[in-house]
Trainee: 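Before we start, here is the structure in question, set down as structure tokens.
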Amino acid sequence: MTKRTAEILKRLDETYGTEYICYLNHETPWQLLIAVILSAQCTDARVNIVTETLFKKYDTLEKFANADLAELEEDIRSTGFYHNKAKNIISCARTLVQEYHGEVPSTLEELTSLAGVGRKTANVIRGNIYHDPSIVVDTHVKRISKRLGFTKEDDPVKVEYDLMKVLPKDHWILYNIQIITFGRNICFARGPKCSECFLQDLCKAEDKRK
DNA sequence: CTCCCGATAT
DNA sequence: ATATCAGGAG
């Protein structure tokens with residue numbers, strides 16, 4: 001790890017702490033799984049509004065497994081992509097009930113075999129639930145990792161491999177959590193607040209704002 | 001590569 | 001009007 005990388009991680013730790021916080025409200029692993037499926041191209045704030053009532057109406061995995069498709073579509077409509085998400089959630093819930101005794105699996109292979117669960121969602125579960133060192137590459141991580149000069153890739157999987165080489169393993173999970181906060185507060189996709197940024201002197205972004 | 005798609009900020 | 005939001009599947 002370079003001195004510069006170490007300094008960036010140190011400042012992220014100092015600014016945002018080292019706790020594994022989660023922006024998607026949930027009480028169980030399967031609730032987090034469904035929340036992450038819902039979060040595709042949708043703000044976590046919106047997902048939390050939806051799951052607030054959703055998890056009371058469907059309070060077990062079995063209820064999601066036996067849900068009426070059209071009704072579930074309406075229940076999650078405001079998160080967007082609701083046809084696909086509803087179909088995937090029902091299929092995913094059925095697989096968990098039938099093949100996994102209602103438990104959420106912990107390996108990348110098992111997780112990504114579930115409907116609606118791709119690499120990003122699987123890594124959120126691995127990190128947040130099982131504390132398995134895993135790097136989540138979402139829209140924030142991709143954008144900010146490029147600005148910080150940790151990668152030049154556009155493909156999320158290539159970004160993930162680049163970050164594995166750059167970041168120490170004990171920061172893999174934390175990096176994603178801190179970067180989401182950073183992306184929400186300072187390093188926006190549009191018009192980042194570079195003048196107020198605590199990483200400004202270390203940043204290699206070409207789209208810096210004055 | 002394209003499609004899925006509503007809510008919000010700019 | 002357009003960009004963006006904790007992406008995934010065909």
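Order of the sequence lines sets the chain letters (A, B, ...), proteins ahead of strands, with each chain counted from 1. Basis for what follows: all heavy atoms, side chains included, without hydrogens, waters or symmetry-related copies.
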Trainee: Treat each ILVMFWY residue as a node, draw an edge where side-chain heavy atoms are under 4.5 Å apart, and state whether A:Phe150 and A:Val137 are in one component.
Mentor: yes

Trainee: One pair to check against side-chain contact (heavy atoms from CB on, under 4.5 Å): A:Glu14 and A:Phe198. What are the steps and the verdict?
Mentor: CA-CA 10 Å; A:Glu14 286 169 354; A:Phe198 60 94; over 6 Å; no

Trainee: Tell me the interatomic distance from A:Arg46, atom CZ, to B:dA9, atom P, rounded to whole angstroms.
Mentor: 10 Å

Trainee: Does the distance from a Lys or Arg side-chain N to an Asp or Glu carboxylate O, for A:Lys165 and A:Asp162, drop under 4.0 Å?
Mentor: yes

Trainee: Is it true that A:Glu73 and A:Arg77 make a salt bridge, defined as a side-chain N closer than 4.0 Å to a carboxylate O?
Mentor: no

Trainee: Would you please classify the geometry between the A:Tyr16 ring and the A:Phe182 ring as parallel, tilted or perpendicular, with 30° and 60° separating the classes?
Mentor: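 Answer is tilted, since the angle falls between 30° and 60°.
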
Trainee: For nucleotides 2-10 of chain C, just jot down a letter per nucleotide in 5' to 3' order: B, S or -, based on protein non-hydrogen atoms under 4.0 Å.
Mentor: -BSBBBSS-

Trainee: Can you tell me how far C1' of B:dC4 sits from CD of A:Glu73, to the nearest Å?
Mentor: 12 Å

Trainee: Could you tell me the separation between the NZ atom of A:Lys85 and the P atom of B:dC4, rounded to a whole number of Å?
Mentor: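 Distance check: A:Lys85 NZ to B:dC4 P gives 14 Å.
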
Trainee: Can you confirm whether the side chains of A:Asp13 and A:Gln178 place a donor and an acceptor under 3.5 Å from each other?
Mentor: yes

Trainee: Whole-Å distance between B:dC5 P and A:Glu74 CD?
Mentor: 12 Å

Trainee: Suppose you measure atom C1' in C:dT2 against the same atom in B:dC5; what distance do you get, rounded to whole Å?
Mentor: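 To the nearest whole Å, 15 Å.
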
Trainee: For atom C1', what is the distance between B:dT2 and C:dA6, given to the nearest Å?
Mentor: 22 Å

Trainee: Taking atom P of B:dC4 as reference, at what distance in whole Å does atom CZ of A:Arg77 sit?
Mentor: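 My rounded result for the distance is 15 Å.
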
